[in-house]
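Quick caveat, the model's predicted, so the values are computed rather than measured. Along the sequence shown, residues are numbered consecutively beginning with 1. Atoms considered below: every heavy atom in the structure, side chains included; atoms not considered: hydrogens, waters and symmetry mates.
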Amino acid sequence: MIDVIQLKNNVIVPVLEKLELYSESAVNLLLGTCAQESKLGTYLVQIKGPALGFYQMEPATYADLWTNYLDNRPYMRKKILEICGYCDKPSPERMIDDLRLSTIMSRIHYLRVPKPLPAANDIEGLGLYWKIYYNTKNGKGTVPEFVRNYREYVA
């Protein structure tokens, strides 16, 4: 498990600032997603599943983000590659050990949602946002579980 202050101050905030996507809501949503999905980095590869990294993103989702979102936004694609130090799109397995990449891809996943982010201090609202747009209605996670994990690992 990674120290939450280190993750926030040395990865999430700088990455979001460089992407020009910083907000306290985005920071808290990513911290909550990380707490829920991997117990703040305890699990980097999903047990009995394909998801990878701190935010447990599936390779299919990763590929879709590049193909159907980033390939149509060359400025953002270039910025991501620069931030992470890649010449071309990295493999999804890079999310296992590249905190910047996994953070960026999770934020991009949420960026595609047309509904605005909940308030930064609305943990239940952030949990519902995560459930609907990241975990999906068929996913095993629940909003109360998100809130519980946020309080345990982040707050």
Side-chain angles (χ1 to χ4, degrees), residues 1-70 72-73 76 79-80 83-84 92 94-155:
M1 181 171 69
I2 193 169
D3 180 82
V4 69
I5 302 300
Q6 293 279 326
L7 178 62
K8 177 181 177 181
N9 293 338
N10 297 303
V11 179
I12 295 175
V13 170
V15 161
L16 293 180
E17 287 175 343
K18 287 176 186 170
L19 284 174
E20 300 174 18
L21 295 174
Y22 174 84
S23 72
E24 283 297 317
S25 292
V27 170
N28 288 348
L29 180 60
L30 290 173
L31 286 169
T33 301
C34 186
Q36 173 64 24
E37 294 290 340
S38 73
K39 306 293 186 247
L40 220 56
T42 299
Y43 303 99
L44 298 177
V45 177
Q46 185 180 28
I47 298 169
K48 297 182 183 177
L52 304 169
F54 272 58
Y55 305 91
Q56 294 290 286
M57 182 176 286
E58 294 186 4
T61 302
Y62 178 87
D64 180 65
L65 288 170
W66 284 96
T67 302
N68 294 311
Y69 191 79
L70 293 171
N72 298 321
R73 290 163 180 79
M76 184 172 279
K79 197 162 193 92
I80 291 167
I83 290 168
C84 295
R94 295 298 315 171
M95 290 189 295
I96 295 169
D97 61 2
D98 189 334
L99 291 174
R100 291 174 299 179
L101 179 64
S102 60
T103 298
I104 287 168
M105 296 310 289
S106 292
R107 180 63 185 104
I108 298 299
H109 183 73
Y110 285 121
L111 186 62
R112 296 198 311 181
V113 176
K115 186 175 177 183
L117 297 177
N121 62 352
D122 180 3
I123 307 310
E124 286 187 17
L126 293 170
L128 182 59
Y129 201 90
W130 161 83
K131 176 62 182 165
I132 294 169
Y133 302 114
Y134 203 91
N135 184 252
T136 74
K137 68 178 183 174
N138 296 324
K140 292 179 182 178
T142 66
V143 174
E145 184 181 63
F146 179 99
V147 171
R148 190 170 50 253
N149 283 324
Y150 189 95
R151 288 183 178 143
E152 180 178 345
Y153 295 100
V154 179

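- The two residues S25 and A120 make their nearest non-hydrogen contact at OG-N, 3.0 Å.
- Minimum heavy-atom separation, D98 to C84: OD2-CB, 4.2 Å.
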Can you check side chain to side chain contact (heavy atoms under 4.5 Å, CB included) on N135 and F146, steps first, answer last? CA-CA 11 Å; N135 184 252; F146 179 99; over 6 Å; no
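- Taking 4.5 Å as the limit, some side-chain heavy atom of M57 sits within range of a side-chain heavy atom of L65.
- With rounding to the nearest 0.5 Å, the separation of CG in L99 from CG in L7 is 6.5 Å.
- Put simply, the side chain of T103 does not reach to within 4.5 Å of the side chain of F54, judged on heavy atoms.
- By the 4.5 Å heavy-atom criterion applied to side chains, M1 and K39 are not counted as neighbours.
- Between K131 and V143, the shortest heavy-atom distance links the atoms CB-CG2, 3.9 Å.
- In this structure the side chain of M76 reaches within 4.5 angstrom of the side chain of I108, judged on heavy atoms.
- Distance alone, capped at 3.5 Å, places no donor-acceptor pair between the R107 side chain and the A26 backbone.
- Around the CD atom of E24, the shell of radius 6.0 Å holds more than 12 heavy atoms that belong to other residues, nucleotides or ligands.
- Of the possible donor and acceptor atoms, one in the side chain of Q56 sits under 3.5 Å from a partner among the backbone N and O of G53.
- In this structure, G125 and P118 approach most closely via the heavy-atom pair O-CG, 3.4 Å.
- Looking at heavy atoms from C-beta onward, L19 lies in side-chain contact with I80 at the 4.5 angstrom threshold.
- The shortest non-hydrogen separation linking G32 to V154 is N-CG2, 4.5 Å.
- Inter-residue side-chain proximity for K8 and V13 is flagged as met; some heavy-atom pair is nearer than 4.5 Å.
- Counting heavy atoms from C-beta outward, N68 and R112 have side chains that approach closer than 4.5 Å.
- Residues Y62 and L52 fail the side-chain proximity criterion, which asks for heavy atoms closer than 4.5 Å.
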Practice problem: Take Y55 and S38 through the side chain to side chain donor-acceptor pair (under 3.5 Å) test and state the conclusion after the steps. | Solution: CA-CA 6 Å; Y55 305 91; S38 73; over 6 Å; no
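- Listed here is the closest heavy atom pair of S102 and M95: CB-O, 3.7 Å.
- Of the possible polar contacts, none joining the D64 side chain to the A60 backbone as a donor-acceptor pair under 3.5 Å is found.
- Evaluated for a ring-ring contact (aromatic ring centres under 6.0 Å, His included) with Y110, the options Y133, W130, Y134 yield exactly one hit, Y134.
- Atom CG of D122 sits about 7.0 Å away from atom CD of E124, to the nearest 0.5 Å.
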